[in-house]
Amino acid sequence: MVDAVVDWFAVEGRDLPWRHEGVSAWAILVSEVMLQQTPVVRVLPRWQEWMERWPSPAALADAPTAEVLRCWDRLGYPRRALRLQECARAIVREHGGEVPRGEEALRALPGIGEYTAAAVTAFAHRGRAVVVDTNIRRVLARSVRGRALPDRSYSAAERGLATRSLPGQRERSVAWNAAVMELGALVCTARSPRCAHCPLADNGCAWFAAGRPAPVEDTRRRQAFEGTDRQMRGRIMALLRRDGTATAEQLLALDEEDAPRVHRCTASLVSDGLAVPEGEGLRLP
DNA sequence: AACTCGGGGGT
DNA sequence: ACCCCAGAGTT
């Protein structure tokens, strides 16, 4: 199974810039943070711009935070941009400006969790690490467990499955991680998997062998986006990216029928460090 | 374990 | 309309 997926990747894998030879560990770390919950196609232009502007942790550490937030643009979850700058400063302060090796040291950095620490270890340092992202979870759920989709929550059992699936040899584990993630992104997709083009169909995939049974019904309904604090925070940040400041009148105009929501959201943005009070309004930090 | 946290494109 | 996307941090 490993060879089938790795061979498939050699032919069909995308030519993404952060996979190029000689790309720094910092550049890869930045790509991984940007890719947290954000699709590749939207990350590409922002990553290119960030790498030209801030090619090292020291460069980002010295940047004005307002500019960092502006260049984050609409990647979403702007707290990631804040943490990325904190991460750069921690790398300068505690690691001499070099991205540290080892998942424990990486996890200690702001904005770096289990996935990103493993991904930087595997893709930047080419070390053996158990990488588990949404793509790998889905490929393993299907190919090994015979399920249409992974469980909603990520369990210790699932991590164990990923650990057992990882090749023991270092170089092989590096190739497997990249290849299986790409397979999940291009072929073993959530919606309409392209089993006709999959190296695992008829070659060990338990879900395909079982006739692609439908997913078990998930009764939980997702929170609507319209009318949420998340949407309001996004609107406020868009205003701040455009003008650098927002007056009280501009803020209240975002929802004339729910002033408490506007106040709640401005307060939470200030609390997060994404905005600073200025008079009755806000400005970028 | 359950919540919050953006934004946009595919279906 | 709804779903999903190389998750992290907090409660």
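These values consider heavy atoms only, across backbone and side chains, with no hydrogens, waters or symmetry-generated copies. For clarity, every value in this text was computed on a predicted model and none was experimentally measured. Numbers restart at 1 for each chain; the letters A, B, ... are given by sequence-line order, proteins then strands.
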Polar atoms only, N or O, under 3.5 Å: list the protein pairs with nucleotides 9-11 of chain C and their distances.
residue	atom	partner	partner atom	Å
C:dG9	OP1	A:Gly111	N	2.6

message: The criterion is salt bridge (Lys or Arg N to Asp or Glu O under 4.0 Å); which residues satisfy it with A:Glu278, sequence neighbours excluded?
response: A:Arg283
Just list the side-chain donor-acceptor pairs under 3.5 Å for residues 116-125 of chain A, sequence neighbours left out, or say none.
residue	atom	partner	partner atom	Å
A:Thr116	OG1	A:Gln36	NE2	2.9
A:Thr121	OG1	A:Ala117	O	2.8
A:His125	NE2	A:Pro100	O	3.2

- prompt: For DNA chain B, which residues in residues 35-49 of chain A have a heavy atom at a distance below 4.0 Å?
  reply: A:Gln37, A:Thr38, A:Pro39, A:Arg42
message: What does the 5'-to-3' dot-bracket notation of DNA chain B look like when only Watson-Crick and G-U wobble pairs under 3.5 Å count, and pairs to other strands show as |?
response: |||||.|||||
Close approaches to DNA chain C from residues 16-30 of chain A, in residue order (heavy atom, under 4.0 Å): A:Leu16, A:Trp18, A:Arg19
task: With a 4.0 Å heavy-atom cut-off, tell me which residues in residues 247-275 of chain A come close to DNA chain C, sorted by residue number.
output: none
- prompt: Does anything in residues 174-193 of chain A reach DNA chain C, meaning a heavy atom under 4.0 Å, and if so which residues?
  reply: A:Met181, A:Ala190, A:Arg191
query: Among residues 127-136 of chain A, which contact DNA chain C at a heavy-atom distance under 4.0 Å?
result: A:Asp133, A:Thr134, A:Asn135
Selection: residues 98-106 of chain A, any non-hydrogen atom under 4.0 Å of DNA chain B: none
- request: Sort and list the pairs that fulfil side-chain hydrogen bond (donor to acceptor under 3.5 Å, both in side chains) and have at least one residue in residues 188-207 of chain A, not counting sequence neighbours.
  value: none
query: Under 4.0 Å between a side-chain N/O of A:Arg79 and OP1 or OP2 of C:dA8, yes or no?
result: no
task: Applying side-chain contact (heavy atoms from CB on, under 4.5 Å), name anything that partners A:Ala59, two or more places apart in sequence or on another chain.
output: A:Trp54, A:Pro55, A:Ser56
